Amino acid sequence: MGGVQMADGDIEEGVYADGSGARRRGRGPLLIAGGFVLVAAVSAVGALGLGGGGGTDRDDGAARSRSDQTVAVQRGTLTRQTEIDGRLGHGQEVPFPVKAEGTVTWLPQTGTTVRRGETVLRVDDRPVVLLYGSLPMYRELGVRRPETDPSSTTGAGQESDAKSTDDAGADSSPTARPSTGTQAPTPLHGMDVKQFESNLSALGYTGFTVDESYTRLTANAVKRWQKDLGLPQTGRVAAGDIVYAPGAVRIAGTSVRVGAGASGNSLTYTSTARMVTINAPADDMSWAATGSGVTVDLPDGRSVKGEVAGVGKDASGGGAPGDGAGEGGGTDGGGDGGTDGGGAGGEGKAATVAVVVTFDDQGALGTLQSGPVSVRYVEKRRKDVLHVPVAALVALAEGGYGLEVSDGEGDRASDDGRFITVRTGLFANGQVEVSGPGVREGLKVRIPQ
């Protein structure tokens, strides 16, 4: 992959290069074209016997074998990026905890987006409705029915005796407490009540206070909601009438068919947002910090900015994270030619950690919903350094590298063809960081043939 020439003269690398042509496990091809030119330059200079610490003159015959192409030493930022394979999708599939019992009479299509108040499926032709929240629906919600006083041990018989006593006028004053064994209906309390009431209010049903108490006012709002759903207006909500999710969901799959009995995991869902899941080598995770920016290269050739949103805490032996990243050409293939059966001596897969990349701009992804992608992250960056094309380097006979000064770039005209020794730093996108006593910005140097 090629690099990008920045507007201010900075260089951004698109592939890994360290000047040696080495490749790293789990990364894409890491050769740079400059490496071939450098080999040619080494051969040429070695054959000429060029060298010398501060500078070496050469004869006219050698001059005629040199190229007339010159470049100036530039100052800027060098950036080296590394590629890793990932997979675009919607994240991990999560099962809906459907508690409704009966026959499935309707199911949504895979890929359908379901929002608050909408139907997830129908059981016995009753809708199971999606609401937002983290608590599961674990009990029926409603005003508590009158219950027998716990102190009563005779049940209905005691209630009958109490009524007889009352009829006889034993204590019939209006302010006297009932002597029956029953209590007035009481509200239901709990955080699950507040979660439900928050959703009911968000759907536009009001007339009650959103709190932890399910009162008769809540029941009246529920009746209006049930009427709009086409359900009996009981004012009570059964555990199977609702499923909760953190927000709007995308239906990922179904494990039953219409006409089958409803089960606990009839449907699975994912996030509606697209994201990239990566199996990153566990021994190279310095780049994968939450909030770090990356570039995602899509199959259609476009590039989109992303951000690391999550990093797994456990390493695995190569299993795919998220929505099956290792299946069907996912990250298990690796930039290394794959590890399945390819390791020397039948070694197992290298340990990996799941990394999730998200996008602020979902529209930038276009209509693409899933597929293999390449993720590029910054491995090294050097700011405000002098650099030249790798092709300008020549190998000196006594060892190390040098640059050939071009016409008029010395203290005298005879300096043309003089070699100055340089120290090399970061290699990135065909450029190399150089430094040394004779190196300065704007210095004209010759590129060997």
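From a predicted model like this one, the values you see are computed outputs, not experimental measurements.
Annotation: ring-ring contact (aromatic ring centres under 6.0 Å, His included) contacts of Tyr269 (sequence neighbours excluded): Phe96. Thr424 pairs by the side-chain hydrogen bond (donor to acceptor under 3.5 Å, both in side chains) definition with nothing, not counting sequence neighbours. Evaluation of the salt bridge (charged side-chain N to carboxylate O under 4.0 Å, His left out) rule for Arg224 yields no partner, not counting sequence neighbours. Take Arg250 and apply the side-chain hydrogen bond (donor to acceptor under 3.5 Å, both in side chains) test, not counting sequence neighbours, and it matches no residue. For Arg216, the salt bridge (charged side-chain N to carboxylate O under 4.0 Å, His left out) test picks out no residue, with sequence neighbours left out. In this structure, Arg423 has no side-chain hydrogen bond (donor to acceptor under 3.5 Å, both in side chains) partners at least two apart in sequence or on a different chain. Residues meeting the salt bridge (charged side-chain N to carboxylate O under 4.0 Å, His left out) test with Arg139, sequence neighbours left out: Asp192. Under the salt bridge (charged side-chain N to carboxylate O under 4.0 Å, His left out) criterion, Asp360 pairs with no residue at all, not counting sequence neighbours.
Separating the CG atom in Leu141 from the CD1 atom in Ile242 is a distance of 6.5 Å, to the nearest 0.5 Å. Here CG of Asn429 is found 9.0 Å from CG of Leu78. Values are rounded to the nearest 0.5 Å.
Listed for the Thr215 side chain is a donor-acceptor partner under 3.5 Å among the backbone atoms of Leu217.
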May I have the list of side-chain donor-acceptor pairs in residues 117-125 shorter than 3.5 Å, sequence neighbours left out?
from	atom 1	to	atom 2	distance (Å)
Glu118	OE1	Arg115	N	2.9
Arg122	NE	Asp125	OD1	3.1
Arg122	NH2	Asp125	O	2.6
Asp124	OD1	Thr103	N	2.9

Tell me which donor-acceptor pairs under 3.5 Å the side chains of residues 253-262 have, and how far apart each pair is, sequence neighbours excluded?
from	atom 1	to	atom 2	distance (Å)
Ser255	OG	Asn265	O	2.7
Ser255	OG	Ser266	O	3.4

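What you find for Ala100 and Val128 is that their closest heavy atoms are CB-CG2, 4.0 Å. The minimum heavy-atom distance linking Lys223 with Gln233 is given by the pair O-CG, 3.6 Å.
The side chain to side chain donor-acceptor pair (under 3.5 Å) pairs that include a residue from residues 194-210 are Arg116-Asn199, Glu197-Thr218, Tyr205-Asp228, where partners are two or more places apart or lie in different chains. Pairs passing the ring-ring contact (aromatic ring centres under 6.0 Å, His included) check and including a residue from residues 107-134, sequence neighbours excluded, do not occur.
Within a 6.0 Å sphere centred on CD of Gln369, heavy atoms belonging to other residues, nucleotides or ligands number more than 12.
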Assess whether salt bridge (Lys or Arg N to Asp or Glu O under 4.0 Å) is satisfied between Glu83 and Arg376, documenting all intermediate values. CA-CA 5 Å; Glu83 266 188 26; Arg376 288 183 283 128; 5.1 Å; no

Determine, step by step, whether Leu298 and Val304 satisfy the side chain to side chain contact (heavy atoms under 4.5 Å, CB included) criterion, reporting the C-alpha distance in whole Å, the side-chain angles of both residues, the deciding distance to 0.1 Å, and the verdict. CA-CA 8 Å; Leu298 303 176; Val304 182; 3.7 Å; yes

